[in-house]
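I have a structure here, written as C-alpha cells, and I will follow up with some questions on it.
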Amino acid sequence: MSRRNCCVYGCTNNGKKLEKWRDETCTIHTDGAHRECLCIEPFRLIPFPTKRKDPGARMEWVRRVGRQSEANKNKIWVPNEDSRICSVHFVDGEPTEANPYPTEHMNTPSQPYSSTPKPRKKPTPRPFTEKSTSKKGIVEKSTVANDESVASDSSYPTEISFQDHDYVVPQSCETCEDCSAKDAQIRRLKQMNTKLKLEAASLKVQRSQRQFSYDNLKDDSKVQFYTGLPNRQAFDALYTYMAPNLKKIRFWRGTSALKRGIRRFISTPKKFGPDTKLSGKDLLVMTLMKLKLGLLNEDLADRFGVSTTTCSRSLTATLKLLASELKCLIFTPSEEVQRANLPRRFQNARYRKVRHIIDCTEFFIETPRNLQVKAQTWSNYKHHQTIKCLVSITPTGHFNFVSDTWGGRISDRDLTQRSGFLEILSRDDKVLADRGFPIEEDVAQQYAHLLIPPGKRGSQQMTGEQVTKTKEIANRRIFVEQAIRRLKTFRILKYELPITMLHQVDEMIQVCAALCNLQKPLVKY
C-alpha cells in the first residue's frame with residue numbers, strides 16, 4: 001500500500017503516511033501502536049470504480065480529478081489499478097448512495113489543494129455617512145469614523161456601526177460572554193464527536209470479532225466433530241506439515257485477476273497480495289469444517305468474522321492446497337509392510353495376497369439444465385442424478401486408490417477400465433470385488449487375480465462349496481462398504497452437491513479419503 005498515493009492535485013495523502021501513523025504509539029487507549037487500538041484512521045485510500053461494475057461512476061471520478069495524461073496533454077488521464085482517492089475528498093468519508101463522487105477539496109493544476117486555509121483579510125474601515133434631505137435633493141455629508149470629536153461625543157455609541165449593513169463590529173472581544181459560550185459549546189461538540197467515533201469503532205470491532213477459531217477446539221471430541229481428525233495431536237501434526245505453504249497461500253480471484261506478463265522483484269516476496277485476516281490454523285479449521293459439517297459459505301463467514309467472498313476464495317485456495325499435499329496419504333504399501341500388518345481374516349493362504357478391495361460409490365448432485373449432462377448423470381440404481389467414482393482399500397481398511405468422478409450412468413466395468421486402477425496392479429496381486437465387476441480378463445492382463453463371488457448361472461441352486469466361497473468373500477469385502485460409509489461421514493459428500501461445486505468434487509473426495517486414512521483402522525487385529 002505504501003506506493004499508492006491520492007491522485008487529486010496537491011493532496012499528499014499516501015499509503016506510506018498511513019503506515020507511519022499505524023506504527024505510531026497510541027497514548028489514548030493502549031501503549032501499543034495505532035494498528036492495535038480502536039482509533040479511527042485519519043484517512044483511507046479508496047480505489048476507483050471498475051469498468052466492469054460501474055463505468056459511469058469511474059468516468060465521473062476521472063472528470064472530477066481533472067488530470068491530464070503525462071504522455072499526451074491533449075488526452076485525459078486514465079487511472080490504473082493502483083490509482084486511489086483518499087477519503088478526505090468525500091462528504092461522508094467514503095462513496096455513498098447520497099454522495100457517490102469526490103467533491104471536497106477537488107483542485108485543478110492551477111489551484112493545488114492545501115490543508116491549511118488562507119488567513120482571512122481584515123475588514124477595511126468604512127467612513128460613516130450621514131444623509132439629509134434638502135429641497136434640491138439628497139445631500140450626503142461624510143465624516144471620518146475615527147474622528148476624535150465624534151468618538152468623544154456621548155450621542156454616538158462605543159461601537160462602530162454601518163448603516164448599509166445589519167451587523168455591529170465590537171472594538172474588543174476579550175471579555176465577550178457570547179464568544180466564550182460558543183467556545184465552550186464547540187469544545188463540548190468536539191468531545192461528543194470523539195466519543196461517538198470511539199463507540200462506532202468499538203462496535204465495528206465487536207462486529208468483526210470471530211465467533212469461532214482454532215481456540216474453540218479444546219478437546220479431542222471437538223476436534224473430531226468439527227474437523228474429522230481423531231484428536232488434537234493429529235490436527236497439530238497436520239498443521240505443522242501444512243504451515244509453510246499456508247503462510248504463502250494466494251487466494252483465487254478469477255481469470256480476470258491474472259497478470260499478463262512477468263512480475264520482476266528485487267527479492268522474492270513472502271506472499272503475493274494483501275495480508276489476510278485469517279491465520280493459517282483458522283484457514284485449515286474453516287476448510288475442514290466445510291468438508292466435515294457441510295456448512296454454507298455465509299455461515300462460515302459469520303463464524304470467522306470475514307466476508308462471504310473472502311470465505312469462498314479462502315476455501316477454494318486451501319482445498320486445492322490440501323488436495324495436492326495430502327494425496328501422498330493415499331498409496332499402496334509395499335508387500336512386506338502389508339504382510340507384517342495383515343489382519344487375522346486375511347492370514348490364510350487363499351487371501352494372504354489380497355492387496356485391493358474395490359467398489360464403486362455414488363454421490364447425489366443437483367439436476368443440471370443441460371439435457372446431455374442430465375442423461376449422463378442419471379443413475380438407474382439410485383434413481384437420482386449422481387456422480388460415481390471407484391475406490392480401493394487395503395485389507396486394513398485404508399484407501400489406496402480413489403479415482404476421478406464420472407457420470408452416474410457409467411457402468412462399474414467401464415469406470416474400472418478408464419479410472420487407471422489397472423495400472424497400479426502388480427504381479428500376483430489379488431483383487432476382491434463384487435459380482436458386478438466382470439473384469440477378470442482386464443486384471444489377468446496385469447498378471448493379477450480377481451476374486452468375486454460365484455454366480456448360479458445355468459443352475460437353479462448354488463452348491464455348498466459356492467455358498468461357502470460367497471460367505472468368505474462377503475465377510476472380507478464388507479470392509480470396503482465400511483470405508484465408504486466412513487468417507488460419507490463428511491457431510492459435504494453425504495447430501496446433494498450443488499452444481500457450482502462440481503469443479504471441486506474430485507479434490508473434496510481426495511482430501512476426505514486422506515483424512516480417513518489418519519483415523520484408526522477399520523479392521524480389528
*Do the side chain of K290 and the main chain of L295 share a donor and acceptor less than 3.5 angstrom apart?*
yes
*With ring centroids as reference points, do Y239 and Y214 lie under 6.0 angstrom apart?*
no
*Do the rings of W61 and F90 sit parallel, tilted or perpendicular, given the 30° and 60° boundaries?*
tilted
_I want to check something: taking the side chain as every heavy atom from C-beta on, are C389 and W406 in contact at a cut-off of under 4.5 Å?_
no
*Hey, are T309 and S312 close enough side-chain-wise for a donor-acceptor pair under 3.5 Å?*
no
_Cation-pi check, R84 onto F48 ring (under 6.0 Å, within 45° of axis)_ = no
*Any idea which heavy atoms bring C328 and F331 closest together, and the distance?*
O-CD2, 3.3 Å
*asked:* So does N13 get a backbone contact from the side chain of N5, meaning a donor-acceptor N/O pair under 3.5 Å?
replied: no
*side-chain contact (heavy atoms from CB on, under 4.5 Å) with F235: which of L518, D220, L229?*
L229
_Approximate separation, where rounding is to 0.5 Å, of M501 CE and E366 CD_ = 10.5 Å
*Could you grab the distance from atom CG of N14 to atom CZ of F43, nearest 0.5 Å is fine?*
6.0 Å
*Is the backbone of Q372 close enough, under 3.5 Å, to the side chain of N370 for a donor and an acceptor to pair up by distance?*
yes
*Looking only at heavy atoms, which two atoms of S307 and T310 are closest? And how far apart?*
OG-OG1, 2.8 Å
*Pairwise distance CE(M286) to OG1(T227) - rounded to 0.5 angstrom*: 14.5 Å
*What heavy-atom pair brings G15 and L45 nearest, and what distance separates the two atoms?*
N-CD1, 3.6 Å
*asked:* Tell me whether T489 contacts the main-chain N or O of R486 through its side chain, where contact means a donor paired with an acceptor under 3.5 Å.
replied: yes
_Nearest 0.5 angstrom please: D54 CG to E60 CD, how far?_
10.5 Å
*Do the side chains of T103 and R64 get nearer than 4.5 Å, heavy atoms only?*
yes
*Hey, is R303 close enough to D299 for a salt bridge, meaning N to O under 4.0 Å?*
yes
*Working to the nearest 0.5 Å, report the span between CG of N99 and CD of E104.*
8.5 Å
*Is there a donor-acceptor contact under 3.5 Å linking the side chains of N231 and Q224?*
no
*So do the side chains of C516 and F399 get within less than 4.5 Å of each other, counting heavy atoms only?*
yes
*Shortest non-hydrogen contact from C11 to C86?*
SG-SG, 3.6 Å
*Can you find a side-chain donor-acceptor pair between Q385 and T377 that sits under 3.5 Å?*
yes
*Find out whether F490 and L515 are in side-chain contact, i.e. whether some heavy atom of one side chain is under 4.5 Å from a heavy atom of the other.*
yes
*Nearest heavy-atom pair of P244 and T240: which atoms, and what distance?*
CD-O, 3.8 Å
*Would you please test L284 and L322 for side chain to side chain contact (heavy atoms under 4.5 Å, CB included) and show each step?*
CA-CA 9 Å; L284 185 58; L322 285 174; 3.8 Å; yes
*Hey, does Q185 have a side-chain heavy atom less than 4.5 Å from the side chain of R188?*
yes
*Is it true that a side-chain atom of Q519 and a backbone atom of G228 form a donor plus acceptor pair closer than 3.5 Å?*
yes
*How about P102 and V8: do any of their side-chain heavy atoms sit closer than 4.5 Å?*
no
*Determine the minimum heavy-atom distance between C6 and I85, stating which atoms define it.*
SG-CA, 4.0 Å
*Quick one: do E41 and R22 satisfy side chain to side chain contact (heavy atoms under 4.5 Å, CB included)? Show the steps, please.*
CA-CA 8 Å; E41 295 181 347; R22 290 171 180 170; 2.8 Å; yes
*Any side-chain heavy-atom pair from L288 and Y226 closer than 4.5 angstrom?*
no
*Hey, is the main chain of K320 close enough, under 3.5 Å, to the side chain of S324 for a donor-acceptor pair?*
yes
*Does the side chain of E496 pick up a donor-acceptor pair with the side chain of H384 at under 3.5 Å?*
yes
*Please confirm whether K488 makes a cation-pi placement over F363, using NZ or CZ under 6.0 Å from the six-membered ring centre and within 45° of the ring normal.*
yes
*Apply the test side-chain hydrogen bond (donor to acceptor under 3.5 Å, both in side chains) to residues T405 and D506: give CA-CA distance (whole Å), side-chain angles for both, the deciding distance (0.1 Å), then the verdict.*
CA-CA 6 Å; T405 54; D506 292 336; 2.8 Å; yes
_Any donor-acceptor pair under 3.5 Å from N245 side chain to M242 backbone_ = no
*Taking N517 for the side chain and L329 for the main chain, is one N or O donor matched with an acceptor at less than 3.5 Å?*
yes
*Taking atom OG1 of T318 and atom CD of E507, what is their separation to the nearest 0.5 Å?*
11.5 Å
*How far apart are the C-alpha atoms of Q510 and L326, what are their side-chain angles, what is the distance that settles it, and do they pass the side chain to side chain contact (heavy atoms under 4.5 Å, CB included) test?*
CA-CA 8 Å; Q510 293 279 347; L326 299 184; over 6 Å; no
*Just do the side-chain hydrogen bond (donor to acceptor under 3.5 Å, both in side chains) check on K17 and T12 with the steps written out, would you?*
CA-CA 9 Å; K17 184 184 295 185; T12 59; 3.1 Å; yes
*Indicate yes or no for a side-chain donor-acceptor contact from R58 to the backbone of P49 under 3.5 Å, with no hydrogens or angles considered.*
yes
*Kindly indicate whether the side chain of K195, heavy atoms from C-beta on, has any atom under 4.5 Å from the side chain of L198.*
no
*Given the rule in the side chain to side chain contact (heavy atoms under 4.5 Å, CB included) test, do V65 and W77 qualify, once you have shown the distances and angles that lead to the verdict?*
CA-CA 9 Å; V65 170; W77 171 73; 4.3 Å; yes
*Between R491 and L291, is there a donor-acceptor pair closer than 3.5 Å when you use the side chain of the first and the backbone of the second?*
no
